[in-house]
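As structure tokens, the structure follows; a few thoughts come after it.
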Amino acid sequence: MHDCYTIYTRPHSHHNSTMPELPEVETVRRGIEPILLGQTIERVQIRRPDIVRLSPNQTPTPSRPSQRQRAAALLAGKTVQSLERLGKQLLIVADSGQCVCVHLGMSGSLRSPPHISPGKPKSATGTGRSSKPSHRTNLSRSSRSHLSPHTHIVWHLTNGHRVMFTDPRRFGGIWTYPDHATLIANRWSKLGPDALVATPAQIRPKLQRTTRPIKAVLLDQSVVAGLGNIYVDETLFTARIHPLTPANLLSSLQIRKMVTAWHHILAQAIKAGGSTLRDYVNATGDPGWFQIQHQVYSRAGQPCVRCKRPLDKLTVAARTTVCCTKCQPMKFRRGSD
DNA sequence: AACACCGCCTGAGCGC
DNA sequence: TGCGCTCAGGCGGTGT
């Protein structure tokens, strides 16, 4: 056995690496659910207070909440009742009704390192896997605690387990609310339907009232929640839609194909993540979804899997975009062309 | 109201 | 090989 059961970790190489999107967040949710559900949080370690944004009514002095107020908002002393997800956002709900909304941003992760029972010595790694040694320095100390300089929050459970929020780039964050209704009113009401269950009927009206490029619209979390750069590119390739197509020009058939495509792609990625979670996470920390072959993302210049022509790279909505202009033609000619 | 754009961050990867 | 530069990107906030 390897020495660290990692519920979720990011791949270390940038080249094929991905920011956490919906499948990764769902994998995290399923991973920490058995650890957190019904458990009481004994204390919360807050190593970077500014990563946590309290709801205004959770502190009398919003500008400078006390350590105690922050810990209370992060469910110190509370029992976890459920774990929810909407799009890329994860929600921890306590039996008090309090909610902690976690956003992983670009580089965030939630990990639950193994609980080491006091009397039982840890066995050395025994698999024949020949992996390069961990890049972590000072393995004996920092690796055992699983803390990195970028571990901002640690929840300590009464059962001895820990859940840690780590986010080197700090594009992510944690938002706390006194109850579910406040979370909805202040945050989740701004999101569209979750991508996993969104229907063409829900999406269509939102597309018809804008001429923005379809890619920009799909990245907009208020239209559909959970799609990011990778999955939008993959979706549009599968549905054979050019990313610059004005959203209002898409046919009903195209919209249906598009929604079906992302359902399928997201489900595949979750399945891969889930299967890896069941087995374990390999020594390099690559979760299962990492093994998924992307058809276009990060493949600019490489041959299109469909027509073998080099894939095109362009910028849409200030995002790097890869597509095959042959396989993803503009369905309609635009006036300015 | 709808939309564009800025700035926040760090590490991977590249060129020299 | 090593150093420093560029790029990547979700999204909250601000400006048009």
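Protein chains get the first letters and strands the later ones, always in sequence-line order, with residue 1 at the start of each. The figures that follow rest on heavy atoms only: side chains count, while hydrogens, waters and symmetry mates do not.
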- Message: Rounded to whole Å, how long is the line connecting atom CZ of A:Arg169 with atom P of C:dC11?
- Response: 14 Å

- Query: Of all heavy-atom pairs between A:Ala198 and A:Ile203, which one has the smallest distance, and what is that distance?
  - Reply: CB-CD1, 4.1 Å

- Assign each of A:Trp175 and A:Ala318 to its nearest nucleotide of DNA chain C by heavy atoms, then name whichever residue's nucleotide is nearer the 5' end. A:Ala318

- Message: Output the rounded distance in Å from CD1 (A:Ile230) to C1' (C:dA8).
- Response: 11 Å

- What's the NE2-P distance between A:His294 and C:dA8, to the nearest Å? 17 Å

- Any pair with a residue in residues 222-237 of chain A that passes salt bridge (Lys or Arg N to Asp or Glu O under 4.0 Å), sequence neighbours left out, goes on the list, sorted by first then second residue, please. A:Lys215-A:Asp233

- Per atom distances to the A:His103 side chain, the nearest of C:dC11, C:dG9, C:dG12 is C:dC11

So which protein N/O to nucleotides 3-7 of chain B N/O distances come out below 3.5 Å?
| unit_1 | atom_1 | unit_2 | atom_2 | d |
| --- | --- | --- | --- | --- |
| B:dC3 | OP1 | A:Thr210 | OG1 | 2.8 |
| B:dA4 | OP2 | A:Arg212 | NE | 3.4 |

- Carboxylate-amine/guanidinium contact A:Asp220 A:Arg212, below 4.0 Å: yes

- Of the nucleotides C:dC11, C:dG10, B:dT10, which has the atom closest to the A:Phe171 side chain? C:dG10

- Of the listed nucleotides C:dG12, B:dT10, C:dG9, the one nearest the side chain of A:Tyr297: C:dG9

- Query: Going by atom types only, do A:Thr211 and A:Asn248 share a side-chain donor-acceptor pair under 3.5 Å?
  - Reply: no

- Note on the structure: Considering only heavy side-chain atoms of A:Thr320, the closest of C:dA8, B:dT10, C:dC11 is C:dA8

- Query: From C:dG10, C:dC11, B:dT10, pick the nucleotide closest to the side chain of A:Met106?
  - Reply: C:dG10

- Among A:Ile35, A:Leu36, A:Val28, the one residue meeting side-chain contact (heavy atoms from CB on, under 4.5 Å) with A:Ser112: A:Ile35

- What is the minimum heavy-atom distance between A:Asn159 and A:His161, and which atoms define it? OD1-N, 2.9 Å

- Return the value, rounded to whole Å, for the distance between atom CD of A:Gln208 and atom P of B:dA2. 15 Å

Would you tabulate the pairs of protein nitrogen or oxygen atoms and nucleotide nitrogen or oxygen atoms of nucleotides 4-6 of chain C closer than 3.5 angstrom?
none

- In terms of the angle between their ring planes, are A:Phe165 and A:His152 parallel, tilted or perpendicular, with boundaries placed at 30° and 60°? tilted

- Query: Out of A:Val100, A:Thr176, A:Thr40, which residue meets the side-chain contact (heavy atoms from CB on, under 4.5 Å) rule with A:Leu75?
  - Reply: A:Val100

- Can A:Leu147 and A:Arg47 be said to form a side chain to side chain contact (heavy atoms under 4.5 Å, CB included), step by step? CA-CA 11 Å; A:Leu147 288 178; A:Arg47 309 175 87 219; 4.1 Å; yes

- Task: Indicate whether OP1 or OP2 belonging to C:dA8 is found under 4.0 Å from a side-chain N or O atom of A:Lys313.
- Result: yes

- Note on the structure: Closest of C:dC11, B:dC9, C:dG12 to the A:Arg319 side chain is C:dC11

- Task: Would you name the heavy atoms of A:Gly301 and A:Pro310 that are closest together and state the gap between them?
- Result: O-CB, 3.5 Å

- Query: In whole Å, what is the span from the NZ atom of A:Lys88 to the P atom of C:dG12?
  - Reply: 10 Å

- Item | Sidechain N-carboxylate O distance under 4.0 Å for A:Arg29, A:Glu26 | yes

- Message: Would the distance check show the side chain of A:Glu21 and the main-chain N or O of A:Gly228 forming a donor-acceptor pair, the cut-off being under 3.5 Å?
- Response: yes

- Message: Would you say that more than 12 heavy atoms from the other residues, nucleotides or ligands in this model lie under 6.0 Å from the CZ of A:Arg309, or not?
- Response: no

- Task: Applying side-chain hydrogen bond (donor to acceptor under 3.5 Å, both in side chains), name anything that partners A:Arg187, two or more places apart in sequence or on another chain.
- Result: A:Gln89

- Item | A:Asp194/A:Arg85 under salt bridge (Lys or Arg N to Asp or Glu O under 4.0 Å): CA gap, chis, key distance, verdict | CA-CA 9 Å; A:Asp194 185 81; A:Arg85 181 191 57 76; 2.6 Å; yes

- Side chain of A:His150 (C-beta onward), nearest among C:dG12, C:dG10, B:dT10: B:dT10

- Query: When we call it a touch if two heavy atoms are under 4.0 Å apart, what does A:Lys206 touch: a base, just sugar-phosphate, or nothing?
  - Reply: nothing

- Euclidean distance, atom CD of residue A:Gln221 to atom P of C:dG10 [Å, nearest integer]: 9 Å

Return the polar atom pairs (N/O with N/O) between nucleotides 13-16 of chain C and the protein under 3.5 Å, or none.
none

- Provide, to the nearest angstrom, the distance between the CG atom belonging to A:Asp167 and the P atom belonging to B:dG11. 11 Å

- Could you state the atom-to-atom distance from CD of A:Glu21 to C1' of C:dG10 in whole Å? 10 Å

- If each end axis of the helix from B:dA2-C:dT16 to B:dC16-C:dG2 is fitted on five C1' pair positions, the angle between them, to 10 degrees, is 40°

